[in-house]
Every structure is written in structure tokens, then in C-alpha cells.
Protein chains: 2
Amino acid sequence: MNITEFAKAAGVSKSAVSRYFNDGYLSEEKRRLIEAAIEATGYAPSVQAQNVRTRVTKLVGVIIPKLSSESCAREVEGISQVLSEQGYQLLLVNSANDPKKEVEYLELFRSNRVDGVIFLASVFTPLHDAVLKKMRVPVVIVGQEYKGANCVCHDDYKAAYTAEKLMLDKGCKKPAFIGVTEQDKAAGQARKDGFLHALSDNGINIEKSDMQTAEFKMDSGYKKALTLLRSGRRYDHILCATDNLAAGALLACREQGLKVPEDIMIAGIGDSQLCNVTSTPLTSVHFHYRTAGIEAAQMLLNSLKRESSIPRTLTLGFELEERESTEKKCETV
Amino acid sequence: MNITEFAKAAGVSKSAVSRYFNDGYLSEEKRRLIEAAIEATGYAPSVQAQNVRTRVTKLVGVIIPKLSSESCAREVEGISQVLSEQGYQLLLVNSANDPKKEVEYLELFRSNRVDGVIFLASVFTPLHDAVLKKMRVPVVIVGQEYKGANCVCHDDYKAAYTAEKLMLDKGCKKPAFIGVTEQDKAAGQARKDGFLHALSDNGINIEKSDMQTAEFKMDSGYKKALTLLRSGRRYDHILCATDNLAAGALLACREQGLKVPEDIMIAGIGDSQLCNVTSTPLTSVHFHYRTAGIEAAQMLLNSLKRESSIPRTLTLGFELEERESTEKKCETV
DNA sequence: CTGAAAGCGCTAACAG
DNA sequence: CTGTTAGCGCTTTCAG
């Protein structure tokens, strides 16, 4: 059923129907007529046709690298919450961590179909730069800093710094680190930098071999920890760039007969659900993922209202969650 | 830029451009002309306008109760994978477990905007029945059985039966159960039924107070387990309807000084990542969530092709993952 | 193989 | 407050 048929059924004109669904410059009588007809027929206007006319789709494209990751899921929840309140819907695409797909989707969204884009980013390539420059709809980037675009990100550097400092303050002296690829400026580079600066601020040296680069999964954390532990160097703490990695490291330590935290402390970053259920609960840094999603959505909404505005970067704070895995060593009585 | 402007720029007619992007009844020469112009201008046809004409949106609505749940996230990943291969995109809405919102979104999708709907369901109300009956686009329901609709679900009954039987076979005699609301036919009722039938098949009796109903979170599992343990009745195993609950129960047991599995065995259902990192790794039933998403998407694709077809229900199998939490008690030497 | 022309369902001036 | 009218950008007959 289309608007013309419906108008006839309701006994009013097309325009009246249109007005009913839009501004509403309408007499009470017609309004009632239309309401009754809707009840009877179940008519609803075609969004696509509205789109063609008005040029707004009420759709926001969301590009995510991996849905089954706690942090992404929470960010998307935040995004979804504020956007749906404003009558927007999410067009969700999964890039599966494939940079080519990310670019492809950005391309798809570039001039079409959506009013704006929220991009949960991890790694940027020159291709990204090219397509981001050409976007005709506003874009908000979440999780990474990106010059010239609206960004919402976490304070990865300080988070790592703080977690490492905690362990040093508790008397640790022999640091090890399990990180992720530095192509990821946030989770890779910034967290490593934070770790290193905490060390240098405390006059502690470290060798290259004390730092491992893992993939984003527990299993990889386990293997890298094993490499560290078997190296012969005796570490008294390990900072891991993610909780999954920390959980893996914890497993490795126990297998090697090391007690956590007595023999070796471990901390992660992200404060995922994992941290509370591991054999030894894991100290971690809590990031506000849901809030990041909320802020990103609001930022996008703002760009959608006022036309051009100056790009802003919002950096969210964090909380250090101390748990058993970094509990103070036996106090000197 | 619209098709008319673009056609002019390319030096061809509107129809030629349209044909280029559709069937392609076109001479090589024009084809090249158009390709060059695309390269130069970056033109892409407006999907909305195409939609109005063709009546297909290449959009599938996906209704989920909670994104930050491992099972949902995996199902959506499966859905996304096959649908995006076929050129469909996901319109994702989060019902936040609110039945009213679910109905609202179904309503929204009923006759509009999307070509089909995939509904990750938990609880059905009469309102659901009403709106589902009125849907004009194909719907696939995931995670629940629903008469008269296409469904993909897990074998909740047998899963619970199998997990319980495992513990009975290992010599357990005093069962306890922590479940979820029976309004949820799958995770609530079917799992409880499976548990109860395993008991009766083995001639074991149980009292009402041995069974608790929790909410879907770890914390709730913890509390309910505490209630059980403090009741004075001495249980030798607990079956939990979800892994989160099992993780909570595990915590409670340890706090009460019970060793798992020596003093008490615990098993969950869902085989989430949790199970591998808990202090005692948790036995659980592995469901094929990702596969469920894939199957649901394919089912929808089928309905989209051939018009009316008979509703089908696909029940996926499972695997019992035995871990330390149900390891055999000290063998009688 | 091709262009002209007639809509798809809707909104937004415009003149009452 | 209301109906008429002219498109939005595209696809698809139809007659070449």
C-alpha cells in the first residue's frame, strides 16, 4: 500500500498523510481519520522513498573489526543506545580485521546510503588515509587517534604507565612485557611506550628480549610468556597489553610452577570479565568502552547538526583495578 | 552527482549508465566510457533511489537482546559473514532484552526498509505472536523454537541431559541446579527439563529447594550457589544453565572451602571463553553459535529466493567439553 | 544494442 | 489549514 492508496482509504489527501507523518500542520479531524486508517490498514510510509526526497537516511554505518570482542561489543552497545534514541539505526559491517575490507566499507559509505560513519579502528594504512579524505559524510573514529578527524579514544599510554608503575611501586625490579603489533598505535605502540617510560622514570633497564609481541589471543599470550620464562632470565612481573594475553601468561606461569603474585606479578589492560574469574584474579586497567561508544555517537550527532565543525579528539580516562595478581609481596615484618 | 549529470559527463545516456550498473546490455565502447567517468568522478548510484524502484533493499534486520554476550556476538558474526558475501547488509538493533522493544523493532521491519529479519529471541509474549503473524518479510528465529516460523536452535534439552549424566556417571548422587527463568523456553525450560530427566532416568530424587533460578550473570550464580551451600543439604555437584552462572558457583564453592571437583563438581552450558581460565577449568557444553548464525542467514536467503516455503526448524548438535571441574574423584585403588 | 519516457512512493513549495 | 503539482534519482518498458 502506498501513500496515494492510503490517502484514498482514509478519505484525505496525500499531503495530509505526508503532514501527519512529518511536521503535522493538520486539523484534529483529519488526524483522527488518518489514525483510524493506520489502525485498519497497518500502513507505514516507505523509508526508501522518504530518503530519496529528503536526502537523509537516518542510518549510521558502523565498521567494526570483530564483534565477538568484549570491547567492541560494548562500544557498539553505547553507540546503539544513543543513536536509536535519536531515531537512527545502525548499518553494521564486520571488517574481520581486514584493512582491505575496512577501506571497501568506507568507500561504500562514502557518499551513499548512510548519514554518517563510526569507525572502530585498529590499524591505518595509506589506503585508509585516501578514502577518509574523500568521505562526504561525517566520520567518528573510535579507539585510535587520527589527525584531522573526530576521535574518541582511551588513554592507552597512561594506562600502561600506571599499571607498570603499580608493580614497580610494589617492589618489582625485573620487568617483562607482552604486547601487540605496533601497527596498532593505541594497543600496540602507546601501551608499550607507557610501559617503557614507567621503567625509565624509575631507572630500570630492559633488554629487547624481555619484550614479546603477541597476537590478540590468550593462546598467544601463553606462548610468549613461556618463551620469556624459559629464557633463563628471572622476571618478577609481566605487563600484558591486553587481558587475554595476561590470562595466557597466568596459565604459563602456573604451569612453570610460579606462584602469582608471590613469585611473579601479572597485570593486563582492558578489565574484561576474564579478570575476575581467573585462578588468580587479574589486575587490569578499566577502560570505559560503553562510554566511548556513547560519546562517539554524540559527536557524530553533533557533526550531523551543525555542518562543518573543527575536528576534536576526546580522550577518556581509566581506572586501575587492583586485584590479587599484583598483591603486595610478603611484608617485611 | 546524480545519474543524469553523470551520464552527461560520461557522454552516454542515462539508460546506458543504469544498464552498466545492472544487467549490462551494453557495447564495450560505452562500458569503457562509463568506467573512465566513474574513475574521474567517483560516482555511485543512490541505493535509496534504486530501492524505491526495485523494491529490494538488500538489507536484513537483525534483532539482538544483548551484543556484549559471547553467544549473540558469535551468532551475529556468522550472520554477517554469509549475508555480506551475498551483498546484503545488516541493520542491527539492540532490544536490550526488553520485549516491548523487540516487538517495536519487528513492527518497524514488518513491511518496510528490510528484505528480511533475523531475530535472536529469548522470551515470547502474545505481542510477539501478533506481530510475527503480520510480518510481510521472511523471518528466521535463532535460539528458540517457534511454531510456524523458520528457526535455528540449539539442543538445550539434550545438552543439559548430557552434562548432568556425565556427573552422575562419575558417581555423583546429590544434585543441585542453578537455572534461569522458564519464560526462556530454551535456556530456562529445556535445560531444566534435560537436567530433571537425567535424574529420573538414573533413579535420583530431587527437592524443589535443590533448584535455584538465577539471572543471566555471574554474580547471580554466585549468590544462588551460596544459598544452596548454606542450606545444610550436602550437594556433590551443581549443574548450571549457563557458564556465567557456573563461574559464579565456582567462586562460591571455593569461598565456602569446598574443593572442585573433589568435594563438588560443577558444569555449565555454552562453552564460553570463561571456562578455560577459571581457577578450575569448567566443564561445559559447546554450542555452535557461529554456525547457527550462518545457517540462519542461509535459511533467510532461501526464503528470499523462492517465495513461500514450508517453515523449517533446524536443531544444531553440541559437544560436551570435559574439563577439570568434573574430573573423576579419587579412584579407589 | 539504444534513448525517450513513464513511473516507484514520497515531500515540499505554492497558491489558495 | 489544505490540495495540487513538480520533482528526488533511479529502472524499465517500448519503439526503434
Side-chain angles (χ1 to χ4, degrees), chain A residues 1-38 41-59 87 89 91 108-115 136-137, chain B residues 1-38 41-59 87 89 91 108-115 136-137:
Chain A
M1 162 163 300
N2 66 25
I3 196 173
T4 314
E5 282 168 43
F6 174 75
K8 204 170 290 170
V12 300
S13 76
K14 263 173 60 164
S15 329
V17 176
S18 175
R19 286 192 183 103
Y20 175 86
F21 285 107
N22 296 284
D23 34 29
Y25 221 44
L26 215 53
S27 66
E28 260 315 305
E29 190 202 335
K30 304 215 170 196
R31 194 173 294 278
R32 260 194 299 277
L33 244 40
I34 292 174
E35 256 151 27
I38 290 175
T41 63
Y43 169 77
S46 149
V47 218
Q48 0 283 342
Q50 291 178 311
N51 293 168
V52 176
R53 276 299 315 220
T54 61
R55 261 66 182 303
V56 324
T57 64
K58 283 286 181 178
L59 240 39
Q89 289 182 297
L91 208 54
L108 188 71
F109 290 151
R110 186 165 60 81
S111 56
N112 229 284
R113 176 149 256 183
V114 298
D115 293 344
R136 316 218 167 142
V137 293
Chain B
M1 161 163 299
N2 65 25
I3 195 173
T4 315
E5 283 168 43
F6 174 75
K8 204 169 292 171
V12 301
S13 76
K14 264 172 62 164
S15 325
V17 175
S18 176
R19 287 193 182 102
Y20 175 85
F21 284 107
N22 296 284
D23 33 29
Y25 220 46
L26 215 55
S27 67
E28 262 314 305
E29 190 199 336
K30 305 215 169 191
R31 194 172 293 278
R32 259 194 299 277
L33 244 38
I34 291 173
E35 257 151 27
I38 289 176
T41 63
Y43 168 78
S46 149
V47 218
Q48 0 283 342
Q50 290 178 311
N51 292 167
V52 175
R53 278 294 316 210
T54 61
R55 260 65 184 300
V56 325
T57 66
K58 281 286 181 178
L59 238 40
Q89 289 182 296
L91 209 53
L108 186 73
F109 290 151
R110 187 166 58 82
S111 55
N112 229 285
R113 177 150 255 180
V114 299
D115 294 345
R136 317 222 165 141
V137 294

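Chain letters run A, B, ... following the sequence lines, proteins first and then strands; every chain starts at 1.
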Colleague: For nucleotides 5-8 of chain C, give me every protein contact, N/O to N/O, under 3.5 Å, one pair per line with atom names.
Modeller:
residue: dG7(C); atom: N2; partner: Arg53(B); partner atom: NE; Å: 3.3
residue: dG7(C); atom: N2; partner: Arg53(B); partner atom: NH1; Å: 2.6
residue: dG7(C); atom: N3; partner: Arg53(B); partner atom: NH1; Å: 2.9
residue: dC8(C); atom: O3'; partner: Arg55(B); partner atom: NH2; Å: 3.0

Colleague: Starting from C1' on dT11(C), measure out to OH on Tyr20(A) and report it in whole angstrom.
Modeller: 17 Å
Colleague: Select base, sugar-phosphate, or nothing to describe what Phe6(B) touches, counting heavy atoms under 4.0 Å on all strands.
Modeller: nothing
Colleague: In whole angstroms, how far is the C1' atom of dA4(C) from the NZ atom of Lys8(B)?
Modeller: 15 Å
Colleague: Determine the contact category for Ser27(A): base if any of its heavy atoms lies under 4.0 Å from a base atom, sugar-phosphate if only primed atoms, P, OP1 or OP2 are that close, otherwise nothing.
Modeller: sugar-phosphate
Colleague: In whole angstroms, how far is the P atom of dC1(C) from the CD1 atom of Ile34(B)?
Modeller: 14 Å
Colleague: Once you round it to whole Å, what is the distance between C1' of dT2(C) and CG of Leu26(B)?
Modeller: 9 Å
Colleague: Using a heavy-atom cut-off of 4.0 Å across all strands, would you classify Asn22(A) as base, sugar-phosphate, or nothing?
Modeller: sugar-phosphate
Colleague: On DNA chain D, does the nearest nucleotide to Phe21(B) precede the nearest nucleotide to Val12(A) from the 5' side, or the other way round? Give the residue.
Modeller: Val12(A)
Colleague: Which donor-acceptor pairs under 3.5 Å do the side chains of residues 8-22 of chain A make with protein atoms, sequence neighbours left out?
Modeller:
residue: Ser13(A); atom: OG; partner: Ser15(A); partner atom: N; Å: 3.4
residue: Ser13(A); atom: OG; partner: Ala16(A); partner atom: N; Å: 3.2
residue: Tyr20(A); atom: OH; partner: Glu35(A); partner atom: OE2; Å: 3.1
residue: Asn22(A); atom: ND2; partner: Ser18(A); partner atom: O; Å: 2.6

Colleague: Among Val47(A), Val52(A), Asn51(A), exactly one meets side chain to side chain contact (heavy atoms under 4.5 Å, CB included) together with Val52(B). Which residue is that?
Modeller: Val52(A)
Colleague: Would you please confirm or rule out a distance under 4.0 Å between OP1 or OP2 of dT11(D) and any side-chain N or O of Tyr25(B)?
Modeller: no
Colleague: Do Gln89(B) and Leu108(A) come close enough that some side-chain heavy atom pair is under 4.5 Å?
Modeller: yes
Colleague: For dT11(D), take OP1 and OP2 only and decide whether either is under 4.0 Å from a side-chain N or O of Gln50(B).
Modeller: yes
Colleague: Which one, dC10(D), dG3(C), dC10(C), comes nearest to the side chain of Ile3(A)?
Modeller: dC10(C)
Colleague: Under the side chain to side chain contact (heavy atoms under 4.5 Å, CB included) rule, collect the residues that match up with Thr54(A), sequence neighbours excluded.
Modeller: Val56(A)
Colleague: To check you understand the geometry: which heavy-atom pair defines the closest contact between Leu59(A) and Leu91(B), and what is its length?
Modeller: CD1-CD1, 3.7 Å
